[in-house]
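One structure below.
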Amino acid sequence: MKSNRKALSCLAVLALFAGSFFLGRFAAQVAPTISSAIQPDAEENWGLSFQEEGKLPQANSSIQEMEKYNAYYAEDTQEKTLYLTFDCGFENGNTPAILDALKKHNAKAAFFVVGNYLETSPDLVKRMIAEGHIVGNHSFHHPDMSQMGKEAFTKELGELETLYQQTVGTPIEKYYRPPQGKYSKSSLQLAKDLGYKTIFWSLAYVDWNQDNQPTHEEAFDKLLKRVHPGAIVLLHNTSKTNGEILDELLTKWEGMGYTFKSLEELPAASGAGN
């Protein structure tokens, strides 16, 4: 009888040990899955890597992947077309020269404005519209919107929409550029749900530092070597260099065989949001 009890006790201990072992292994396998599932959506900064002169650069994501969110940074084409866009954080006197150059070349651009710009420069915004340019939404306060919830995200775009309507008298066209180039998949989806096309870029250079403006030669070196078919170009209206060189830059691009199109002509972005 005692030997049977000992045997049963040993079997119970072995069963408990085996159960703990397999449960531990199962937990170890499942834990990473659970952990990754509850991690917040990763924030990203839009970035480009120019591998070959005259070719589409490598970006954070493919054109096709971004299109799922109605987000675009270039057209997939061999046709020498360019889409000109400008970010407008404030006005410091360079925008009239930019508009003059665009008008001279019959080039339609998109200007992404913030609340401050609408409040301080309504006449320039009205000129942009009168001359056939798009005025898009760059948010009201220019915050990092990549991790915002739906309510805060909607408020940032909505306040700009309201001010635009009050200033211009018509609804804003629903093109959105993320402030600071920061985004996440959730923020792209929120913009899409609000009916916006999110516009990144495939050609830009360091033109925003007011205290260290590039020379004309430095600007041409970057913008002529990196230009490529289907590029969405990002320039800043605050750049003194851009105001000074834009006429010549557009002439040089035309000499390379490029033509300029509005974002409304970007094949995927021209359709209604899905």
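Hydrogens, waters and symmetry mates play no part in the numbers below; they use all other heavy atoms, side chains included.
To the nearest 0.5 Å, the span separating NZ on Lys197 from CD on Glu264 amounts to 9.5 Å.
In terms of the salt bridge (Lys or Arg N to Asp or Glu O under 4.0 Å) criterion, Glu67 has no residue partners (sequence neighbours excluded).
Between Lys240 and Glu244 there is a salt bridge, since at least one side-chain N of the basic residue sits less than 4.0 Å from a carboxylate O of the acidic one. In this structure, Asp100 pairs ionically with Arg127, as a charged nitrogen and a carboxylate oxygen lie closer than 4.0 Å. Electrostatic pairing of Lys155 and Glu161 does not count as a salt bridge here, judged by no charged N lying under 4.0 Å from a carboxylate O.
Across all their heavy atoms, Glu75 and Pro267 have their closest contact at OE2-CG, 3.4 Å.
Here the options are Thr238, Leu124, Val113, the test is side chain to side chain contact (heavy atoms under 4.5 Å, CB included), and the partner is Glu91; only Leu124 passes.
With hydrogens and angles ignored, the 3.5 Å screen pairs a side-chain donor or acceptor of Lys108 with a backbone N or O of Glu131.
Counted by atom type alone, Thr85 and Arg177 present one or more donor-acceptor pairs between their side chains at under 3.5 Å.
In terms of hydrophobic clustering, with Ile, Leu, Val, Met, Phe, Trp and Tyr side chains grouped at heavy-atom distances under 4.5 Å, Tyr205 and Trp208 are assigned to different clusters.
For Tyr183 and Phe200, the ring centers are positioned less than 6.0 Å apart.
Taking the ring axis of Phe220 as reference, the NZ or CZ atom of Lys252 stays within 45° of it and closer than 6.0 Å to the ring centre.
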Should Tyr117 and Phe111 be marked as a ring-ring contact (aromatic ring centres under 6.0 Å, His included) after you check the CA-CA gap, both sets of side-chain angles, and the distance that decides it?
CA-CA 11 Å; Tyr117 197 86; Phe111 292 85; 8.4 Å; no
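Between Tyr73 and Trp46, the ring planes lie tilted relative to each other; the angle falls in the 30° to 60° range.
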